[in-house]
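Here's the structure, in structure tokens; my notes come after.
Since the model is a prediction, treat every value here as computed from it, not as a measurement.
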Amino acid sequence: MKSSQCATFVAGLLAILGEKKPTVLHYRQITSLSKYREGGSMGMNWNNNPLSDIKKNLRSNMNNARNALTNVQREQWSSEAICHMTQKLESMRINNFLVYISFRSELNTRSLIQWGWNQGLQVLVPRCDPNDYSMDIHPLQDWDELASGSYGIEEPNPLRTSALGHEYVPEVIIVPGLAYDRLGGRLGYGRGYYDRLHERLQPYVDHKRAPILMGLGYEMQVVNKVPMDRHDAKLDILVTENGIVNCEKESNHGIDSFQ
């Protein structure tokens with residue numbers, strides 16, 4: 001699917017889902033957020049701060065920056081990023097993918113979910129347990145299978161759709177985040193849901209065909225280097241409105257990658 005066709009397709013899906021048609025903006029017009037795209041340290045000296053403090057400050061800065069985006073910016077960049085994501089998933093010839101349900105200022109995934117249904121793919125979504133920060137995987141076949149869950153985020157209603165077994169391994173896992181880098185680094189929200197999922201799946205992973213961990217976000221969330229602990233799972237692919245980054249080609253380090 002060509003880029004122009006993809007943009008038209010996603011815009012149509014957003015219209016069906018009740019979203020406003022985005023207005024095109026040029027990235028160079030958005031100058032107020034440029035400092036968040038230059039330098040992963042966000043002006044901090046990593047050598048003089050505990051890693052947890054660095055992560056906390058970066059989360060706060062990036063959350064504020066993302067929340068400051070206008071609805072038009074979020075709609076436009078979401079549409080363009082989803083175009084890139086669908087093209088990548090089509091080329092991978094997968095049968096299923098796990099994707100987050102977007103919340104607040106996160107990149108909108110609703111058109112991606114609708115696309116998956118239209119393609120006949122099994123769309124999987126997470127349900128979080130705030131008691132132990134674990135995550136169950138549920139198939140999603142319709143919007144009415146969702147209900148408000150942990151943290152006010154829409155999640156699969158267990159009365160409508162049953163969780164898959166803990167041994168079930170998705171082919172692709174699409175994760176949200178507050179900050180990313182092109183080497184596979186990702187900064188989440190600090191509760192470790194996806195890192196625990198990564199650890200839980202390891203006994204069941206066929207490492208010849210391990211699940212692909214894909215980050216999905218706005219280009220303004222990309223920094224030079226995200227602070228990472230050893231237990232933090234690294235991305236294989238990063239997708240933004242600017243395109244697709246193969247993180248494995250950028251870096252062969254990352255001992256905690258899915259692959």
Side-chain angles (χ1 to χ4, degrees), residues 51-52 55 59 85 89 92 94-103 106 109 112-113 116 121-141 145-181 183-217 226-239 247-248 251-259:
L51 191 60
S52 60
K55 286 186 172 185
R59 282 192 184 99
M85 177 63 77
L89 294 179
M92 295 167 67
I94 59 171
N95 296 307
N96 64 71
F97 62 91
L98 172 68
V99 62
Y100 66 95
I101 303 293
S102 49
F103 182 63
E106 288 179 336
T109 59
L112 176 60
I113 293 170
L121 301 178
Q122 184 181 39
V123 178
L124 309 167
V125 294
R127 186 170 189 270
C128 299
D129 184 346
N131 295 311
D132 60 2
Y133 302 130
S134 64
M135 179 184 289
D136 288 328
I137 298 173
H138 292 247
L140 185 71
Q141 297 180 313
E145 294 177 353
L146 296 174
S148 181
S150 303
Y151 316 107
I153 302 171
E154 285 187 305
E155 293 184 329
N157 183 345
L159 300 178
R160 296 293 309 278
T161 174
S162 299
L164 300 174
H166 277 202
E167 72 282 358
Y168 185 89
V169 181
E171 293 179 66
V172 170
I173 299 176
I174 301 170
V175 300
L178 285 168
Y180 306 94
D181 65 41
L183 302 179
R186 167 186 170 267
L187 183 69
Y189 295 93
R191 296 183 176 92
Y193 281 101
Y194 286 95
D195 296 316
R196 288 183 177 85
L197 177 64
H198 161 253
E199 182 179 0
R200 191 191 85 194
L201 292 178
Q202 290 311 296
Y204 311 106
V205 166
D206 176 359
H207 289 278
K208 294 181 180 179
R209 188 176 173 80
I212 304 299
L213 186 63
M214 302 179 71
L216 180 61
V226 169
M228 298 280 285
D229 287 305
R230 288 182 61 83
H231 66 267
D232 292 334
K234 299 192 76 173
L235 302 175
D236 298 300
I237 294 171
L238 173 63
V239 178
C247 300
E248 286 190 309
S251 172
N252 290 321
H253 306 298
I255 59 173
D256 294 317
S257 174
F258 273 80
Q259 294 188 334

| query | Partners of Asn95 by side chain to side chain contact (heavy atoms under 4.5 Å, CB included), sequence neighbours excluded? | reply | Glu171

Separation between [atom1] of [X] and [atom2] of [Y], rounded to the nearest 0.5 Å:
X: Leu216; Y: Met85; atom1: CG; atom2: CE; value: 4.5 Å
X: Cys128; Y: Ile153; atom1: SG; atom2: CD1; value: 6.5 Å
X: Leu235; Y: Cys247; atom1: CG; atom2: SG; value: 5.5 Å

Is the shortest side-chain heavy-atom distance between [X] and [Y] below 4.5 Å?
X: Asp229; Y: Lys55; result: yes
X: Ser134; Y: Tyr193; result: no
X: Leu213; Y: Tyr194; result: no
X: Asn157; Y: Glu145; result: no
X: Ile237; Y: Ile212; result: yes
X: Phe97; Y: Pro211; result: no

Show the nearest heavy-atom pair for residues [X] and [Y], with the distance to one decimal.
X: Thr109; Y: Tyr100; answer: OG1-O, 2.8 Å
X: Val226; Y: Tyr180; answer: CG2-C, 3.5 Å
X: Leu140; Y: Ile101; answer: CD2-CD1, 4.4 Å
X: Pro227; Y: Leu51; answer: CB-CD1, 3.3 Å
X: Ile137; Y: Pro170; answer: CD1-CG, 3.8 Å
X: Leu164; Y: Pro139; answer: CG-CD, 3.9 Å

| Within a reach of under 6.0 Å around OH of Tyr133, are more than 12 heavy atoms found that belong to other residues, nucleotides or ligands? |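 Incorrect, the count does not exceed 12.
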
| query | Restricting to pairs with a member in residues 147-165, which pass salt bridge (Lys or Arg N to Asp or Glu O under 4.0 Å), not counting sequence neighbours? | reply | Arg110-Glu154, Asp144-Arg160

Taking [Y]'s backbone N and O only, do any of them form a donor-acceptor pair with [X]'s side chain (distance below 3.5 Å, no angle check)?
X: Glu106; Y: Phe103; answer: yes
X: Arg186; Y: Pro176; answer: yes
X: Asp195; Y: Ala233; answer: yes
X: Thr161; Y: His138; answer: no

| task | Sort out for me which residue in Leu89, Leu121, Asp236 forms a side chain to side chain contact (heavy atoms under 4.5 Å, CB included) with Val172. | result | Leu89

| message | Checking side chain to side chain contact (heavy atoms under 4.5 Å, CB included) between Pro126 and each of Leu98, Ile173, Leu197, Val175, which is the one that passes? | response | Leu98

| field | Step-by-step side-chain hydrogen bond (donor to acceptor under 3.5 Å, both in side chains) determination, Asp136 to Tyr168 | value | CA-CA 10 Å; Asp136 288 328; Tyr168 185 89; over 6 Å; no

| task | Show your reasoning for whether side chain to side chain contact (heavy atoms under 4.5 Å, CB included) applies to Arg196 and Met135. | result | CA-CA 8 Å; Arg196 288 183 177 85; Met135 179 184 289; over 6 Å; no

